[in-house]
Amino acid sequence: MELSDRYNSKDVEGRIYQWWTERGFFKAQDKSTHSPFSVILPPPNVTGSLHMGHALNHTVQDVLVRWKRMSGFNVLWMPGTDHAGIATQSVVERELKKEGKTRQELGRNNFVERTWQWKEQYGGRIVEQMKRLGDSCDWDRACFTLDEGVSKAVRKVFVDLYNKGLIYKGLRLINWSPALESAISDLEVDHKEIKGSLYHIRYPIVGGDGHLEVATTRPETMLGDTAVAVHPEDERYQTLIGKEVELPLSGRKIPVIADAYVDKTFGSGVVKITPAHDFNDYEVGKRHDLPMLNILNKDGSLNEQGGVYKNLKVQEARKRILVDLEAKGFLVKTEAHTHQVGHCSRTGCVVEPFLSEQWFVKMAPLAAPAKRVVESGTITFEPESWTKTYLHWMNIIEDWCISRQLWWGHRIPAWTCRDCGHITVSEMEAKSCGKCGSAQVVQDEDVLDTWFSSALWPFSTMGWPADTELQKTFYPSTVLVTGFDIIFFWVARMIIMGLEFKQDVPFRTVYIHGLIRDAQGKKMSKSLGNAEDPVQLIEEYGADALRFTLLAQIAAGRDLKFSVQRLEGYRNFMNKLWNATRFALGALKDFEPSSDLNQMPNRSEISYADQWILVKLGHLERELDEALKTYRFSDAANAAYSFVWHTFCDWYLEFVKPIFQGNSVTEKKATQLVLAHVLNRTVRLLHPFIPFITEEIYQKLPLRGEALIVDTYPTVKVDKSLLALGSEDVAEEVDLIREVITALRNIRGENRIKPGQKINARLAPLDDKTQKVLGENKQAIMTMSRLEICEITEAGNLSKCAVQPVQVGTMKVDVIVPLEGLVDIEEEKKRIRKTIEKLHKDIVGISGRMADANFMANAPEDIVAQNKRQLEESKAQVSTLEAALARLG
RNA sequence: AGGGAAUUAGCUCAGUUGGUAGAGCGCCACCCUUACAAGGUGGAUGUCGUCGGUUCGAGCCCGGCAUUCCCUACCA
């Protein structure tokens, strides 16, 4: 069983994942004596492919899920995919277009059938990509938002809300996407800054010879003007209020009204009012009972109200109207003007405010309880700062337009009676009118906003409205992990629906992570061409490396910049771990594990280094536990990284080498046992972060259970017997040894002594304890600093010597290297002077403080004592160094 | 306009209760030392944006300012 000297993720990941799946390790129990832990995966669009945002989002969830699974919880990670109304419909329409067909030609039923076929064929792609990343979801429970069960929930919710008067149909001004020929919600509108123009236009006053000058960015909407408005207190126009003006080009007469909405200082202080095509004007129109004149067709062209401009698209009509206005002398001037224009987040087209019959959810009564559960802390946001944003939004929430003029989605369960016009809303197909009994009923053509079904996801996936064991066990879920961009689309609406239909919140904690940006800090997007493909990166660097890169950088709700360079670094980390294992397995070749995995060595038999690594392992376990509990993933990842590389590899394995090469069988056996345990424990600790490599390693360990993924997660509280073998005191002693070795290496390095050249050293301990510790670790010091002779004795003559004082806790030693015949003395003088300078800086600072009566009077005793000690020691070290310097001549 | 966040080494960022600044990458020097050159050892680098306040003591707490970013809402 030879391991290659490079970790090759490609050989490992697919095989391991398949094995986990076959063994059913991801499965949740409907009912269990173990505490539940559940996470609902934000269902990605079936049309989608995995992007870096998913990679980050899923990695976080997988870490939590694996950590809890190993900690003995009954874990459910509920996966699924979203039908994504518009996105999916567009994909299929594009396909049809290639065949020269349209969905209208196909007809609704055939089109929907065709879309299902597309979903069956391609919809699984993103799921496969999720598996590449290592997502340990309970795949057998995977749902799709158009599944029969989920659809049933959707219909029930719709009907219930309708019966409660919380869903209504109404003629309203809504955001209309001409490209989709559908309504979209406020949230689906992106405001972009556009450099446009402000046109000043004359509206002649009826029965007078003057005119009013109106400023507008959208001259074409004047065809739909039903008034002009001035501020009620604007002196300039007092006499005109109540009079009429004539609409240029059409000659239609409209009133001059007064409304406080008008800003006297902007433009001319006169506003044209187009209630059917502007949200503010709509409100003004309602206040003044103005006619609402719709001038647009569904595709964004002008309708018959447009007169000679009929059938022209908005942009074209605008140009023609401007030409005509100019020709007839109505256009006063044109100013450059930048303003915000709404764009459809799906198609990018300019959104038109459009008067149309739509279905709405009345939000105010539903939002109130959803606000309270956050205010009261029943649901907490992590990081907490999002609470404010959430509450702010809930305060200004408007009714939610839920109907879409699409074919792909949940069709609205409402039937209109041809005879009496009554609307029958029903979970089952309505065969007759609920009022007059007529059989002439037709179902509403529209489908529901995709987010409507998403809002029910936390319980619709668990079998609701049926009363299932699954819901009893796992609802509410424990934590929801998502980006801030869908707090309002999704999180808020899930809270609302959960409270309304389950009488309980859908989750306890909302963990919000940031966005992934490129190395320059730009948002990753396909159109910018800077989007990294996670699947490609997994191919090249491995899923573990990618996961670790994301985890190491994720800081509470802040965006993170992704760079391949960093990914490479963590790929190297995987390799480091792999090679450490390779070494350890070599050292454990003749290791005979006891049948009892819990068998521990005797404390008296294990080495200093063994005790030290166990102490450090305990520290790591405490750090990881703390970090994971508080969602500090980067802290966790960094602690793990540092332990593996800088504690385990750099020091422990080096300390242990002489033992394995030595003659003491007892010592060797004890160290083997410790090494085997430490390695086992390390991969268990790292598994949630880097599941593949750790499972692969685990399967090769002499000490192991059946599968790492279901082994227990180590904490300082469980399996205490191993960690109890470490002693903090001994660990400090090993830290002294490390410092001594570092001092010797420093002397070598700075004096340019060749790594291969052995040198002699004198260690002058300044107390008995240090003397003993040095004596017992002499071999390690000699090996790791490449010494020929190592004397532990008093300092003696310092002539022609490099000197470095070392101190850890109360232990102190001067590290001395005779340099006779070795090096340029000047180099060593420089080195010593540098150290003295550093110490001097300390001394000046501390002496200043000690001389300050205020400090002495107010600072706590231990701080004063610490300063005092530090000062004395620094002074002592300086005098040693100065003596050495003097002897160097 | 309102709200939020950020400003620490060349770059990306940690720094959880105030007690003399850390990591990774990059950089410099030396080394293919039998786990790993995707490696080892050593080294250099910071008036912690700015001004003031609280404190014996501030990267951290408070206030002002500057710059940058994000969100929400909009001026026709």
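Within every chain, numbering begins at 1; the chains are lettered A, B, ... in the order of the sequence lines, protein sequences first and strands thereafter. Here the structure is a predicted model, which is why all the values come from computation and not from measurement.
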Residues forming a ring-ring contact (aromatic ring centres under 6.0 Å, His included) with [X], sequence neighbours excluded:
X	value
A/F381	A/Y390
A/Y541	none
A/F548	A/Y570, A/F573

Contact class for [X] (heavy atom, under 4.0 Å): base, sugar-phosphate, or nothing?
X	answer
A/T581	nothing
A/E654	base
A/A580	base
A/I273	nothing
A/R571	base

**Complete:** Sorted by position of nearest nucleotide on RNA chain B, 5' first, the leading residue of A/R632 and A/F488 is A/R632
**Message:** Here's a test of your reading of the structure: between A/K561 and A/Q661, which maps to the more 5' nucleotide of RNA chain B?
**Reply:** A/K561
**Request:** Nearest whole angstrom, please: distance from the C1' of B/A1 to the NE2 of A/H392.
**Result:**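 Rounded to the whole Å, the gap is 12 Å.
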**Message:** When you measure from the centre of the six-membered ring of A/F583, is the NZ or CZ of A/K657 closer than 6.0 Å and no more than 45° off the axis?
**Reply:** yes
**Residues touching RNA chain B, which here means a heavy atom under 4.0 Å, drawn from residues 213-227 of chain A** =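 Close to the strand are A/A215, A/T216, A/T217.
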**Asked** Looking at RNA chain B, which of residues 538-549 of chain A put a heavy atom within less than 4.0 Å of it?
**Response**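 Output list: empty, so none.
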**Prompt:** Quick one: side-chain hydrogen bond (donor to acceptor under 3.5 Å, both in side chains) pairs with a partner in residues 841-857 of chain A, sequence neighbours left out?
**Reply:**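 The answer is A/R849-A/N867.
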**Message:** Filter on side-chain hydrogen bond (donor to acceptor under 3.5 Å, both in side chains), then keep only pairs touching residues 544-553 of chain A, sequence neighbours left out; what's left?
**Reply:** A/D62-A/R547
**Request:** Sort by first number and list every stem of RNA chain B: at least 3 consecutive Watson-Crick or G-U wobble pairs, both distances under 3.5 Å.
**Result:** B:1-7 with B:66-72, B:10-13 with B:22-25, B:27-31 with B:39-43, B:49-53 with B:61-65
**Pair listing, salt bridge (Lys or Arg N to Asp or Glu O under 4.0 Å) test, anchored in residues 570-581 of chain A, at least two apart** =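 Residue pairs with at least one partner in residues 570-581 of chain A: there are none.
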Considering only side-chain heavy atoms of [X], which listed nucleotide, [options], is closest?
X	options	result
A/A859	B/G19, B/A35, B/U41	B/G19
A/R6	B/U41, B/A76, B/A38	B/A38
A/K657	B/U20, B/C75, B/A35	B/A35
A/N280	B/C70, B/G39, B/C75	B/C75

Taking only N/O atoms, report every protein-nucleotides 4-10 of chain B pair under 3.5 Å with atom names and distance.
unit_1: B/G4; atom_1: OP1; unit_2: A/K388; atom_2: NZ; d: 2.9

Using a strict 4.0 Å threshold on nitrogen-to-oxygen distance, state whether [X] and [Y] make a salt bridge.
X	Y	result
A/E837	A/R833	no
A/K875	A/E872	no
A/R738	A/E654	no

**Item:** Exam field: side chain A/S642 to backbone A/N638, donor-acceptor pair closer than 3.5 Å
**Value:**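 Absent.
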**Request:** Give a yes or no answer on whether the side chain of A/T647 reaches the backbone of A/V644 with a donor-acceptor pair at less than 3.5 Å.
**Result:**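 No, because the side chain of A/T647 does not come within donor-acceptor range (under 3.5 Å) of the backbone of A/V644.
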**Message:** Between B/C30 and B/A37, how many Å separate the two C1' atoms, rounded to a whole number?
**Reply:**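 Here B/C30 and B/A37 have their C1' atoms 14 Å from each other.
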Ignoring backbone atoms, establish whether [X] has a side-chain N or O less than 4.0 Å from OP1 or OP2 of [N].
X	N	result
A/N858	B/G57	no
A/N746	B/G43	yes
A/K576	B/A38	no
A/N575	B/A38	no

**Item:** Over 12 foreign heavy atoms within 6.0 Å of CD, A/E398
**Value:**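 Counting other residues, nucleotides and ligands, CD of A/E398 stays at 12 neighbours or fewer.
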**Message:** Take a 6.0 Å sphere around NZ of A/K829 and say whether it holds more than 12 heavy atoms from other residues, nucleotides or ligands.
**Reply:**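 Result for NZ/A/K829: enclosed.
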Identify all pairs in which a protein N or O lies below 3.5 Å from an N or O of nucleotides 23-25 of chain B, and state each distance.
unit_1: B/G24; atom_1: OP1; unit_2: A/H646; atom_2: NE2; d: 3.2
unit_1: B/C25; atom_1: O2'; unit_2: A/Q565; atom_2: OE1; d: 3.0
unit_1: B/C25; atom_1: O2'; unit_2: A/Q565; atom_2: NE2; d: 3.3

**Request:** Can you label the angle between the A/Y7 ring and the A/W578 ring as parallel, tilted or perpendicular, going by 30° and 60°?
**Result:**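 Rings of A/Y7 and A/W578: tilted, as their planes differ by 30° to 60°.
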What are the atom names and distances for every N/O pair under 3.5 Å that joins the protein to nucleotides 29-32 of chain B?
unit_1: B/A29; atom_1: O2'; unit_2: A/R752; atom_2: NH1; d: 3.4
unit_1: B/C31; atom_1: OP1; unit_2: A/K754; atom_2: NZ; d: 3.2

**Request:** Output the distance between atom CG (A/L653) and atom CZ (A/F648), rounded to the nearest 0.5 Å.
**Result:**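 Rounded to the nearest 0.5 Å, the CG-CZ separation comes out at 4.5 Å.
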**Message:** Is it the case that the side chains of A/Q804 and A/R831 hold a donor-acceptor pair, with the cut-off being a distance below 3.5 Å and no angle test?
**Reply:** yes
